[in-house]
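Structure, as structure tokens:
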Amino acid sequence: MKPGMSLMKHYLQFKDFRAEEYAYLFERAAVIKKRFKNYEKYTPLVDRTLAMIFEKASTRTRVSFEAGMYQMGGSVVHLTTGDSQLGRAEPIEDSARVISRMVDLVMIRTYEHAKLERFAAHSRVPVINGLTNEYHPCQILADIFTFIEHRGSIRGKTVAWVGDGNNMANTWLQAADILGFTLHVSTPGGYEIDAAVAGVGPGAPLRSFADPLEACRGAHLVTTDVWTSMGYEAENEARKKAFADWCVDGEMMAAAQPDALFMHCLPAHRGEEVEAAVIDGPQSVVWDEAENRMHVQKALMEYLLLGRIG
């Protein structure tokens, strides 16, 4: 731990933070975003360095973290698989010990979540999950902030997840448990959420539906993801057949609340998991959602490095 740092925190899963910490982060993200929109210089992370380690390809994660760190006055070291395949050239534990002596913060986007946990266990500085096979907390942070911007508090609301019981679905379930909303989930058979991986107990606010239209009924937010996540490309054809009825369309959006929002973490395949008329339609907030990755991550980095401001 570096001098001056209070109790060090990592951000590896959504459940790593409590509800009041999220309330603070969403407040800070709004302030930081407003400053950005007004071209107000805000550089609390001068002389701080973020190391980004990518074992999975990335567009939004790289741009949002890198631009965000530079805007806050810090600098970035970008490592790809060619530079540092975790656990290949040296044990993950050793990489963590070395890298964390040279930087102030580490963001990792990788496959198995266990790799991230091993790195964090031997790091002197905070570690952020930029995506693993099991969880994607920064994306849900952005999604909920986007909902709050458009519709106010998410507490007591209903979110419908249509599609694969993947890292996004696991993270939505953790968020529902912590922030007090209900998650409706509809997946094809064999692609359900694994509650043990999601890490929530039997009392979690989850309702499962065989019919995706029923999952969307009355929802305040309808959200989905690609049918084949990175690392599962070999299953692509089988998934296309299994997921054929899980395309978010106008009928599903019509079953939701009249003012329901549509979200997608991107990249999107129009005509597969979502109709073009939905993602490009008036209820879609996907571009705000994508931009908000940067703002919430700036709030997150500020919190991990400086603690609460004011």
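The first residue of the sequence shown is numbered 1, and numbering continues consecutively from there. Because only heavy atoms are used, hydrogens play no part in the values below, and waters and symmetry mates are left out as well, while side chains stay in.
- Taking the side chain as every heavy atom from C-beta outward, Met252 and Val222 never approach each other to under 4.5 Å.
- Note on ring orientation: taking the six-membered ring where Trp is involved, the planes of Trp172 and Phe181 are perpendicular (angle over 60°, cut-offs 30° and 60°).
- For the residue pair Thr187/Glu192, the side-chain donor-acceptor check at 3.5 Å is not satisfied.
- The closest side-chain heavy-atom distance from Met107 to Phe54 is below 4.5 Å.
- The distance from atom NE2 of His122 to atom CD of Glu117, rounded to the nearest 0.5 Å, is 12.5 Å.
- Side-chain atoms of Asn167 never come within 3.5 Å of backbone atoms of Glu134 as a donor-acceptor pair (strictly under, hydrogens ignored).
- A salt bridge does not link Glu21 to Arg308: none of the charged side-chain nitrogens sits closer than 4.0 Å to a carboxylate oxygen.
- Ring orientation note: the planes of Tyr24 and Tyr303 are tilted relative to one another, at an angle of 30° to 60°.
- Between Lys33 and Glu149 a salt bridge is recorded (basic side-chain N to carboxylate O distance below 4.0 Å).
- Across all non-hydrogen atoms, the minimal contact from Trp246 to Ser186 is NE1-OG, 2.9 Å.
- Grouping the Ile, Leu, Val, Met, Phe, Trp and Tyr side chains by contacts below 4.5 angstrom, directly or via other members, places Val63 apart from Ile108.
- Of the possible polar contacts, one joining the Thr224 side chain to the Val162 backbone as a donor-acceptor pair under 3.5 Å is found.
- In terms of modelled atom types and a separation under 3.5 Å, the side chain of Thr43 and the main chain of Gly73 share no donor-acceptor contact.
- Linking ILVMFWY residues whenever their side-chain heavy atoms come closer than 4.5 Å, directly or via other members, places Phe26 and Val285 in the same cluster.
- Residue Arg293 comes nearest to Thr61 through the heavy atom pair NH2-OG1, 2.7 Å, listed as atom of the first residue, atom of the second, then distance.
- The shortest distance between side-chain heavy atoms of Lys298 and Arg28 does not fall below 4.5 Å.
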Derivation and outcome, side-chain contact (heavy atoms from CB on, under 4.5 Å), residues Leu266 and Trp287: CA-CA 9 Å; Leu266 304 175; Trp287 315 119; 3.7 Å; yes

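- Residue pairs meeting the salt bridge (Lys or Arg N to Asp or Glu O under 4.0 Å) criterion with at least one member in residues 156-176, sequence neighbours excluded, are Asp164-Arg239.
- Contact check for Val278 versus Ser284: no side-chain heavy atoms found under the 4.5 Å cut-off.
- Proximity of a side-chain donor or acceptor of Thr132 to a complementary backbone N or O of Tyr111 within less than 3.5 Å is not detected.
- With no hydrogens or angles considered, a side-chain donor-acceptor pair links Gln297 and Ser64 at under 3.5 Å.
- Residues Thr182 and Thr158 have side chains that never bring a donor and an acceptor to within less than 3.5 angstrom of each other.
- Put simply, Val127 and Leu79 are part of the same group of oily side chains (I, L, V, M, F, W, Y) that touch within less than 4.5 Å, one to the next.
- Ile144 and Leu300 fall within the same hydrophobic cluster, where Ile, Leu, Val, Met, Phe, Trp and Tyr residues are linked whenever their side-chain heavy atoms come under 4.5 Å apart, directly or through other members.
- Side-chain atoms of Gln13 and Pro137, non-hydrogen and from C-beta on, never get closer than 4.5 Å to each other.
- A donor and an acceptor atom, one from each side chain of Asn292 and Thr146, are located under 3.5 Å apart.
- Shortest non-hydrogen contact noted between Met69 and Val76 is CB-CG2, 3.6 Å.
- Checking side-chain atoms of Asn129 against main-chain N and O of Tyr11 turns up no donor-acceptor pair under 3.5 Å.
- To the nearest 0.5 angstrom, Ser75 atom OG is 7.5 Å from Asp47 atom CG.
- For the 3.5 Å distance criterion, the side chains of Asn170 and Gln174 fail to qualify, holding no donor opposite an acceptor.
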Could you please spell out the steps behind the ring-ring contact (aromatic ring centres under 6.0 Å, His included) verdict for Phe14 and Tyr135? CA-CA 8 Å; Phe14 200 88; Tyr135 311 106; over 10 Å; no

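- In this structure the side chain of Glu27 never reaches within 4.5 angstrom of the side chain of Val31, judged on heavy atoms.
- Remark: the backbone N or O of Leu173 is not paired with any side-chain donor or acceptor of Asp177 at under 3.5 angstrom.
- In this structure, CG in Leu261 is found 6.5 Å from NE2 in His150, a value given to the nearest 0.5 Å.
- Residues Val125 and Leu105 come closest through the heavy atom pair CG2-N, 3.9 Å.
- Lys56 and Asn133 are linked by a side-chain donor-acceptor pair at a separation below 3.5 angstrom, with hydrogens and angles left out of the test.
- Counting heavy-atom neighbours within 6.0 Å of Asn38 CG, excluding the residue itself, gives a total above 12.
- Of the charged side-chain nitrogens involved, at least one lies within less than 4.0 Å of a carboxylate oxygen, so that Lys240 and Glu272 count as a salt-bridged pair.
- At least one side-chain heavy atom of Ile99 sits under 4.5 Å from a side-chain heavy atom of Phe119.
- Electrostatic pairing of Arg109 and Glu55 does not count as a salt bridge here, judged by no charged N lying under 4.0 Å from a carboxylate O.
- Contact record, Ser123 with His10: CB-CE1, 4.5 Å, taken as the closest heavy-atom pair.
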Derivation of the side-chain contact (heavy atoms from CB on, under 4.5 Å) call for Ile178 and Arg18: CA-CA 7 Å; Ile178 293 163; Arg18 303 181 309 279; 5.9 Å; no

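- The two residues Ala242 and Tyr191 come nearest to each other via the heavy atoms CB-CE1, 3.7 Å.
- To the nearest 0.5 angstrom, Glu112 atom CD is 9.5 Å from Arg118 atom CZ.
- Identified under the side chain to side chain donor-acceptor pair (under 3.5 Å) test for residues 202-215, with sequence neighbours left out: Glu214-Arg217.
- Met263 is listed as a side-chain neighbour of Phe147, based on a closest heavy-atom distance under 4.5 Å.
- Of the possible polar contacts, none joining the Asp94 side chain to the Glu90 backbone as a donor-acceptor pair under 3.5 Å is found.
- For the residue pair Asn166 / Asp225, a side-chain donor-acceptor distance below 3.5 Å is found, with atom types taken as modelled.
- Following chains of ILVMFWY side-chain contacts shorter than 4.5 Å, one can reach Leu206 starting from Ile140, so the two form part of one hydrophobic cluster.
- The backbone N or O of His136 sits less than 3.5 Å from a side-chain atom of Thr171, completing a donor-acceptor pair.
- Not one N or O on the side chain of His184 forms a donor-acceptor pair closer than 3.5 Å with the backbone of Ala160.
- Using a 4.0 Å cut-off between charged side-chain N and carboxylate O, Asp259 and Arg151 make a salt bridge.
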Please determine whether side-chain contact (heavy atoms from CB on, under 4.5 Å) holds for the pair Phe262 and Leu221, giving the CA-CA distance in whole Å, both sets of side-chain angles, and the decisive distance to 0.1 Å. CA-CA 6 Å; Phe262 172 76; Leu221 167 61; over 6 Å; no

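- Side-chain N or O atoms of Glu273 include one that pairs as donor or acceptor with a backbone N or O of His269 at under 3.5 Å.
- Atom CD1 of residue Ile32 and atom CD of residue Glu40 lie 12.0 Å apart, to the nearest 0.5 angstrom.
- For Glu251, the salt bridge (charged side-chain N to carboxylate O under 4.0 Å, His left out) test picks out no residue, with sequence neighbours left out.
- Met294 CE to Arg60 CZ: the interatomic distance, rounded to the nearest 0.5 Å, is 14.5 Å.
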